[in-house]
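Below, read A as the first sequence line, B as the second, and so on, with proteins coming before strands; counting in each chain starts at 1.
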Amino acid sequence: MAETSNLAGEAAFNRSAARQLALFGLAVLIGLVALMWGLNLLASLTATASGASPAVDAANNAITVMLAEEPPQLDSTRSTDQVSGVVLGHVMEGLLRYDDRGELAPGMAEDWRIDEAGATFHLRADALWSDGQPVTAHDFVFAWRQGLDPENASEYAFILYPIKNAEAVNQGRLPVTELGARAVDERTLAVEFERPIAFFDKLTAFSTYFPVREEFYRATEGRFGADADQLLYNGPFKLSSWVHGQSLQLDRNPHYWDQARIRLDRINVAYITSDPNTRLNLFKDEKIVMTGLTAENLTNALEQRWHIHRHMDGSIFYLEFNHRSGRLTRNHNLRKAMILAQDPGELVYKVTKTPGYLPGESLFPRFLEGIRGKFRDQHPAPTYRMDVQAARDHLERARLELGLDAFPPLVLLSSDSPVSNIQTEYFQAVFKKNLGLDIKIDRQIFKQRLAKMTSGDFDLVLAGWGPDYNDPLTYGDLFASWNLNNRGRYSNPEYDRQVRIAQSAMDAPTRMAAFAEMQRIIHEDVVIIPNYERGVAYVTHPRVKGILRRVVGADTDYTYAWIE
Amino acid sequence: MAETAFTAEDFQPAAATESAQAVARPSLSYWQDAWIRLKANRRALFSLYLVIGLALFTLVGPLVWTVDPSLQDLDQISQPPGADRHAVVVAPHRPWDGSATGSASLAGPQSSSGGLRLAEAPTTQSVRLAWTPLPDAAGYRLYRNLFPAAEGQALGLPLFEIASLDVRHFEDRLDLKPRTYHYSVVALDAQGRLTGSVRSLEVPVSRVVTAQEAEAMGLVEDAGQLSLGDRIKLRAHPLGTDYLGRDLLARLMAGAQVSLFIGIVAPLLFIAFGVIYGAAAGFLGGWADQALMRFSDFVVALPFLLFMILLRVASGVQPGESGITPMVLAMVLLSWPAAARLVRGQILQIREEGYIGASRLLGGGAPYLVLRHMIPNTLGVILVTMTFAVPTAIFTEAFLSFIGMGVAPPTPSWGSMCNEGIKTMLTTPHELIFPALFISVTVLAFNLLGDGLRDALDARMRSAE
């Protein structure tokens with residue numbers, strides 16, 4: 001009896017255990033489904049709350065885009081970074097602007113005259129601020145004085161230096177009122193030059209030259225450009241909301257003079273992220289209209305059968321040597337050994353693999369115009385062919401000249417981005433393999449790297465330069481001995497002389513000859529090791545047309561875009 | 001009553017026989033017993049073999065697989081394991097001006113497709129394309145795709161664009177893999193828009209290597225031994241290569257040295273310190289104990305990762321130097337209190353045991369008591385803590401390397417390898433999977449082993465059996 005009941009009990013227990021297990025499993029399943037549903041609901045709720053919209057909203061004639069970072073502030077007299085440049089390019093306009101073919105076109109000025117001594121700009125009558133008041137010549141004078149005021153400490157003040165007395169004003173030697181720019185009347189702006197300049201018209205499209213209205217600036221009490229309502233707009237769009245760290249919204253500016261060219265009513269900047277995978281997923285989900293591609297997600301993009309575009313953004317990247325006294329890299333033979341020991345083609349095609357990059361050959365990228373044709377076609381860049389034996393000979397000569405038994409490790413400073421990480425590790429191995437040189441990699445965040453570059457705390461630095469205006473001088477004066485962006489402190493009187501010629505000569509042949517000479521000096525003196533010219537491969541939404549990528553000015557420019 | 005006759009024999013002593021109270025099994029020491037228990041635990045035993053295997057992988061591996069972990073094999077970047085590695089020897093790359101070369105006779109069946117043709121045999125070194133003028137063209141754009149593009153579909157990656165009719169050739173060198181590509185050339189109108197006239201070409205690319213590269217990679221003794229057209233095998237990479245063509249197996253071994261070094265040295269040091277500290281506190285007792293233990297509470301309250309990072313930064317690691325020493329130091333400074341508390345608790349308990357009192361009565365001094373009686377009795381606990389501390393330390397190292405606070409390149413560690421692998425997770429997952437697998441297996445093995453050791457060493461478990 002006892003035995004049977006026991007067995008039955010066990011069977012009952014087993015049955016109940018199985019039932020319990022099944023019940024438990026069911027409960028878990030229901031719980032999971034409920035959780036998923038709840039999360040999905042929550043996600044859709046927050047999505048609507050933050051105003052996330054589809055990439056293309058044809059009903060409202062709006063598109064959604066993303067930015068890599070949030071602009072630190074939008075005061076055009078102080079802005080330095082590219083992201084601010086993009087936003088300012090949409091909401092502001094200078095005396096001149098770049099049109100959809102990338103050529104200079106009238107902006108706030110409808111007519112202008114430039115000669116060796118100065119320039120006169122006539123503002124158009126329908127040039128208005130977003131509050132309906134006219135843009136006057138005073139607004140430009142005030143903005144330029146602000147840009148140069150030592151108290152404002154604008155890092156881009158130097159770009160105003162072609163104006164008479166600008167440098168002295170910036171250094172505090174003259175009051176701002178002595179600046180050689182004045183408003184003849186409400187609509188006429190007269191500029192005197194410090195010395196003759198051949199490309200002043202191109203400079204006036206740059207953001208530091210944008211106008212600022214004085215009484216509005218004063219009224220913001222130091223918060224100018226910090227918020228959407230702390231800024232006045234004279235461009236095709238105006239900033240109607242700016243949720244810091246989250247989103248920006250740009251709406252058509254009804255007071256803009258050239259209404260005919262704006263075809264979008266709204267641009268939502270709904271995402272701020274620099275992660276390439278996030279951006280690709282946003283694009284895939286039709287949340288943004290454009291994204292760039294990296295080497296890693298290129299295959300993915302090809303599989304999606306997207307239409308891929310390519311754009312050379314004009315930035316050049318190079319290894320810059322430290323030419324300060326006491327540094328080993330001051331030795332010409334060492335520099336020559338290093339440039340001979342590497343091959344930019346291998347770096348670009350096999351290592352970084354980023355679509356769009358071109359192997360670096362010169363300080364002057366390929367897009368620059370010469371006289372009727374590209375500068376680089378008329379003055380082909382001399383290059384070194386990789387030659388390990390010759391490199392080792394130069395290294396031996398350098399060793400004897402420096403009186404060293406063996407080379408101590410060299411410090412290679414770089415920023416902490418995925419591409420520069422790959423690049424530095426590649427160079428570390430190349431110089432070790434071909435020259436037996438030890439390289440120590442010093443990875444720093446952007447600001448820290450800049451600080452170390454300025455103080456000269458490096459032997460080599462992975463540096464890059466993007467154009468400020470469409471003239472070879474934006475690259476050429478980089479290695480002038482007085483330029484603060486010459487972080488390696490390269491100093492060569494002959495090079496300086498050529499820069500002076502290019503700065504003040506008015507005729508193109510003389511200037512181009514000077515640039516060709518700079519290109520030759522950079523090559524022969526091995527001031528830098530050119531790495532690559534940056535290009536981007538990107539994809540755009542098939543219904544959005546007219547998205548512009550620019551070399552100078554706002555890259556990317558949606559002001560000409562439309563929905564099809 | 002029967003007479004019992006006693007003989008003299010009855011008064012002989014009995015022969016010595018075995019004791020009736022013989023011990024049934026041989027006497028076992030504490031450690032022998034623990035070993036038997038551990039052996040009975042198959043999970044723990046398997047983990048032990050894994051740990052031994054890892055030790056061999058780290059120490060003996062580099063002697064067997066003698067590949068330099070920082071050697072970059074740029075012909076085999078991001079190769080998955082088991083990829084084909086035959087290559088044909090070709091001449092070094094020379095710039096090309098578009099003129100037809102000697103191999104113009106290469107008129108394959110596909111190379112006659114439309115106006116686009118190959119100027120030379122397509123190789124991983126370069127693909128040289130030329131095309132005949134297209135109708136209504138003012139310029140050309142060249143695309144490369146992985147698939148044949150149907151009518152109206154995307155043509156792939158734009159490689160080249162020219163607003164001139166004079167240049168009708170292009171050399172592609174970008175990241176060529178030994179596979180089939182589909183090239184298309186399209187005509188552009190004067191505004192740079194597509195006109196719709198497209199010529200496509202299927203290009204099977206073959207893997208090549210130059211004799212100089214082969215010599216530099218150590219495939220042959222001397223480049224002179226090779227003649228053009230020879231077929232050679234590239235370097236073998238059993239687990240594939242990373243984003244710079246470095247051998248993943250060699251890097252995993254080198255990474256294991258860093259990871260296991262930190263994983264074992266750091267716990268050894270902080271537990272040794274913790275034992276001394278805890279024993280001192282427990283033995284001294286009273287206000288000294290209070291003071292010592294409150295200080296250890298203070299250390300426990302420090303946020304661990306934040307202080308790890310702060311200590312690393314404050315230790316002034318020079319750029320390019322590996323941060324292993326500061327990392328170990330930081331771990332020792334922050335991790336000892338757990339061991340100290342444990343040992344102090346044990347000592348407090350043991351101090352009151354009878355045999356301690358006996359030993360004291362027999363004249364045992366403090367150092368003798370601690371070293372002879374107390375610490376040996378806590379060894380089991382210490383060993384278990386140690387085995388659990390190892391995976392934690394490995395994990396901490398991996399985490400710090402993952403966020404870039406660890407070793408400096410080119411020294412690999414498992415964590416930094418994961419950090420690099422995650423960027424290419426979608427295209428070449430093996431670069432992430434292998435280091436991640438090693439971290440997981442190591443951490444799991446040490447944890448299971450620790451579990452088994454605790455079961456085996458804990459004296460209280462014996463009566464439960």
Please look at [X] and chain B and tell me whether the side chain, the backbone, both or neither of the residue comes under 4.5 angstrom of a heavy atom of that chain.
| X | answer |
| --- | --- |
| A/I439 | neither |
| A/R385 | side chain |
| A/T294 | neither |
| A/Q304 | neither |
| A/N300 | side chain |
| A/V348 | backbone |

Worked verdict on A/K433 versus B/S70 for side chain to side chain contact (heavy atoms under 4.5 Å, CB included): CA-CA 10 Å; A/K433 185 178 79 178; B/S70 54; over 6 Å; no
So which part of [X] gets closer than 4.5 Å to some heavy atom of chain A, the side chain, the backbone, both or neither?
| X | result |
| --- | --- |
| B/L244 | side chain |
| B/L174 | both |
| B/F160 | backbone |
| B/L71 | neither |
| B/T124 | neither |

Flag side-chain contact, heavy atom, 4.5 Å: B/P92 against A/M386: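 B/P92 vs A/M386: side chains apart.
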Flag side-chain contact, heavy atom, 4.5 Å: B/Y243 against A/I422: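 They are in contact (side-chain heavy atoms under 4.5 Å apart), so the answer is yes.
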B/R173 side-chain N/O to A/G345 backbone N/O, donor-acceptor pair under 3.5 Å: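 Looks like no, no N/O pair under 3.5 Å.
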Atom [atom1] in [X], atom [atom2] in [Y]: separation rounded to 0.5 Å?
| X | Y | atom1 | atom2 | result |
| --- | --- | --- | --- | --- |
| A/M312 | B/E161 | CE | CD | 11.5 Å |
| A/I308 | B/R144 | CD1 | CZ | 10.5 Å |
| B/Q72 | A/E346 | CD | CD | 8.5 Å |
| B/L146 | A/R305 | CG | CZ | 9.0 Å |
| A/D343 | B/H93 | CG | NE2 | 9.0 Å |

Derivation of the side chain to side chain contact (heavy atoms under 4.5 Å, CB included) call for A/Y349 and B/D175: CA-CA 5 Å; A/Y349 295 129; B/D175 192 23; over 6 Å; no
Intermediate values then yes/no, side chain to side chain contact (heavy atoms under 4.5 Å, CB included), A/K350 and B/L176: CA-CA 8 Å; A/K350 286 185 172 175; B/L176 288 162; over 6 Å; no
Stepwise salt bridge (charged side-chain N to carboxylate O under 4.0 Å, His left out) check, B/R246 with A/E425: CA-CA 11 Å; B/R246 295 176 292 202; A/E425 283 182 50; 2.7 Å; yes
Exercise: identify the closest heavy-atom pair between A/L302 and B/G156: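 So the two residues come closest at CD2-CA, 3.5 Å.
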